[in-house]
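Have a look at the structure below before the remarks.
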Amino acid sequence: MKPAIWLDGSLCDPDSAMVSVFDHGLTVGDGVFETVKVTEGRAFALTRHLRRLARSAAGLGLPEPDLDEVRRGCEEVLKAHPVAFGRLRITYTGGISPLGSDRGTAGPTVVVALVEASRRPDATAVVTVPWARNERGALTGLKTTSYGENVVALARAREHDATEALFGNTVGALCEGTGSNVFVVLDGQLHTPPLSSGCLAGITRALVLEWVGAKETDLPLDALYRAEEVFVTSTTRDVQAVHRVDSHTLPGAPGPVTAEALRIFLERAAADIDP
Ligand code: PLP
């Protein structure tokens with residue numbers, strides 16, 4: 001199925017949907033985005049995603065998005081193309097801006113794209129990367145379209161037959177993945193890095209904290225090698241066990257804590273589409 005596209009207020013043909021070459025999101029990455037899980041034609045946790053979109057836009061200094069309008073865009077693409085399983089990608093940029101000048105002159109660009117997707121495997125391999133997340137950066141905690149750093153790290157993961165790369169921060173503490181948060185089990189206790197580590201306030205992370213419970217703990221990067229279990233969380237992965245970190249294997253993944261976290265997450269998510 002072709003993606004279904006809603007652009008600046010209306011549904012449009014994906015083959016002819018166009019954004020200007022002068023869009024500030026394209027030229028300087030001046031944009032924010034959300035990826036929302038779609039199950040049985042319904043968007044999961046949409047209210048939390050819209051709130052985070054607004055927080056990211058505010059952090060970047062973009063005009064406040066009209067969240068009712070963005071929600072309408074999501075509803076329209078979902079109605080036009082009900083998919084059993086997929087993702088909504090909401091992109092909100094600074095809009096058209098002549099090269100060399102500041103922000104858009106014609107208002108922000110808003111795109112909602114709906115794509116079909118397949119479920120991720122239960123377990124995956126990850127690598128650590130030598131580059132640090134900046135826990136004190138101007139963009140820390142914002143979900144911006146400036147994803148170059150993540151693209152490079154993910155390429156490193158793929159070179160090692162892994163699907164995710166994990167970052168430490170500038171003081172060497174465990175932070176997050178390119179598109180996921182990370183949890184580790186140490187002495188039977190579930191831990192995840194605090195937001196002060198520089199990680200994104202992942203919506204799946206927040207739901208695991210609320211529904212399953214975990215300690216927010218500053219951990220050294222090498223805790224990954226000492227952990228009994230490791231898992232990553234994201235909209236596209238839910239709770240995904242890690243069976244290898246670099247060359248260190250975690251036999252039996254998903255272990256009992258991870259399996260229970262996934263069970264609780266899926267059960268609660270099925271009972272409440274917009275928790
Ligand atoms: N960290 C980063 C850098 C991300 O890009 C994402 C999601 O794309 C996450 C964590 C996980 O967040 P969520 O659970 O809201 O998908």
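As the structure lists them, so they are numbered: ligands from 1, and atoms in each ligand from 1.
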**Q.** Backbone of R136 reached by a side-chain donor or acceptor of N134 within 3.5 Å
**A.** yes
**Q.** R120 CZ: over 12 foreign heavy atoms closer than 6.0 Å
**A.** yes
**Q.** Side chains of E229 and T258, donor plus acceptor under 3.5 Å
**A.** yes
(Q) Ring centroids only, cut at 6.0 angstrom: are F265 and W211 within range, meaning strictly under it? (A)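 Here the rings of W211 and F265 have centres that are less than 6.0 Å from each other.
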Q | Per-ligand residue contacts, ligand 1, heavy-atom threshold under 4.0 Å | A |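 Under the 4.0 Å cut-off, ligand 1 touches R52, R133, K143, Y147, E176, G177, T178, G179, S180, N181, L200, G202, I203, T204, T233, S234, T235.
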Q.
Run R48 and D274 through salt bridge (Lys or Arg N to Asp or Glu O under 4.0 Å) and show every step you take.
A. CA-CA 8 Å; R48 289 185 189 240; D274 204 10; over 6 Å; no
Q. Does R205 make a cation-pi contact with F183 (under 6.0 Å, within 45 degrees of the axis)?
A. no
